[in-house]
Amino acid sequence: MVQSERVIPISCDHGGFALKEFLKSRLAASGIEVLDYGTFSEESVDYPDFIHPLARAINEGTYPLGVIICGSGNGAQMTANKYPNVRAALCWDVEQTVLTRQHNNANILSLPGRFIDFEIAWEMVDAFLNTSFEGGRHQQRIDKITQLLNTNTHG
Ligand code: RB5
């Protein structure tokens with residue numbers, strides 16, 4: 001069940017903590033409610049501890065969209081993509097972010113907190129929340145991601 005279209009869950013490890021705090025303030029200033037899944041300091045932690053709870057909530061449809069951050073964005077994205085209804089996209093710029101909403105219907109944006117300008121990251125989050133999926137041929141392709149799993153498509 002969708003709990004709220006306006007609540008954006010966000011989670012990170014220590015490598016994403018500074019960017020999470022920055023994005024939280026930008027989201028709040030834009031009137032968007034944030035649900036902070038942690039981590040809550042720069043003390044070293046294991047990213048799956050903080051990414052799994054958010055990814056589960058997206059997987060269950062509690063929130064339509066979420067944001068995750070680790071140092072590189074990779075560990076967070078890999079963790080989130082273990083869930084069948086999650087499509088987590090690791091992005092570095094606004095164009096990629098727009099495309100992954102339009103074409104992949106990404107429902108989680110994964111950000112590389114140690115490798116991205118914070119202002120650009122905010123523009124990306126804004127684009128992520130305000131770009132719609134185009135559907136059509138892109139829905140067919142998304143369906144095939146799971147339909148063709150373990151299928152030999154080359155005969
Ligand atoms: C933590 O040092 C770092 O490994 C983590 O933030 C992330 O980049 C993992 O993929």
Side-chain angles (χ1 to χ4, degrees), residues 2-4 6-30 32-131 133 138 141-150:
V2 174
Q3 189 175 79
S4 172
R6 295 178 183 275
V7 179
I8 299 301
I10 188 165
S11 75
C12 67
D13 71 356
H14 52 290
F17 174 75
L19 179 55
K20 173 170 71 71
E21 295 304 300
F22 177 83
L23 293 174
K24 274 170 59 183
S25 65
R26 288 302 174 93
L27 285 161
S30 300
I32 298 168
E33 193 180 334
V34 180
L35 193 62
D36 189 348
Y37 277 78
T39 186
F40 299 102
S41 76
E42 289 188 328
E43 184 183 340
S44 182
V45 294
D46 299 330
Y47 55 81
D49 293 341
F50 296 90
I51 304 303
H52 272 296
L54 183 151
R56 264 198 300 276
I58 297 289
N59 187 59
E60 291 165 3
T62 307
Y63 310 99
L65 299 174
V67 176
I68 56 178
I69 316 163
C70 67
S72 65
N74 275 317
Q77 184 210 30
M78 290 175 188
T79 305
N81 277 324
K82 290 295 181 188
Y83 294 84
N85 300 321
V86 165
R87 288 172 305 281
L90 171 56
C91 298
W92 294 267
D93 63 27
V94 171
E95 192 176 5
Q96 283 180 320
T97 305
V98 167
L99 276 174
T100 202
R101 285 289 306 127
Q102 290 176 333
H103 292 187
N104 311 123
N105 200 13
N107 49 15
I108 294 183
L109 176 64
S110 183
L111 294 168
R114 287 180 174 150
F115 297 93
I116 196 167
D117 178 87
F118 282 16
E119 291 291 346
I120 289 173
W122 164 239
E123 288 176 27
M124 291 165 62
V125 169
D126 190 39
F128 188 72
L129 302 183
N130 290 294
T131 303
F133 178 47
H138 300 297
R141 292 164 185 171
I142 288 170
D143 292 342
K144 286 184 175 181
I145 293 173
T146 45
Q147 282 169 3
L148 300 187
L149 196 65
N150 299 321

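When a ligand or atom number is given, it counts from 1 through the structure's own listing order.
Protein heavy atom nearest atom 10 (O) of ligand 1, with residue, atom name and distance: Gly75 N, 2.9 Å. Counting protein heavy atoms only, atom 7 (C) of ligand 1 is closest to Cys70 SG, 3.4 Å. Distance from atom 9 (C) of ligand 1 to its nearest protein heavy atom, with residue and atom name: Tyr47 CE2, 3.5 Å. Protein heavy atom in closest approach to atom 3 (C) of ligand 1: Arg114 NH1, 4.0 Å.
Of all atoms in ligand 1, listed by their number and element, those nearer than 4.0 Å to a heavy atom of Asp13 are 1 (C), 5 (C), 6 (O). Against a heavy-atom cut-off of under 4.0 Å, Ser72 is close to the following atoms of ligand 1: 7 (C), 8 (O), 9 (C), 10 (O). With ligand atoms numbered from 1 in the order given, ligand 1 contributes 1 (C), 2 (O) to contacts under 4.0 Å with heavy atoms of His14. Every atom of ligand 1 is numbered from 1 in the order shown, and the set under 4.0 Å from a heavy atom of Gly71 is 5 (C), 6 (O), 7 (C), 8 (O).
Asp13 contributes no side-chain N or O that, together with a main-chain N or O of Asp46, makes up a donor-acceptor pair within less than 3.5 Å. Side chain of Ser11 to main chain of Phe50: a donor-acceptor pair is present (N/O by atom type, distance under 3.5 Å, no hydrogens or angles). A donor-acceptor pair is defined here as one N or O able to donate and one able to accept, closer than 3.5 Å; such a pair exists between the side chain of Asn107 and the backbone of Asn85. Side chain of Thr131 to backbone of Phe128: no donor-acceptor contact under 3.5 angstrom is found. The backbone N or O of Gln77 sits nowhere less than 3.5 Å from a side-chain atom of Asn74 that would complete a donor-acceptor pair.
Heavy-atom distances between Met78 and ligand 1 stay at or above 4.0 Å for every pair.
No N or O atom of Ala76 sits closer than 3.5 Å to an N or O atom of ligand 1.
By the 4.0 Å N-to-carboxylate-O rule, Arg26 lies close enough to Glu119 to be salt-bridged with it.
Within a 6.0 Å radius of CD in Gln147, more than 12 heavy atoms belonging to other residues, nucleotides or ligands are found.
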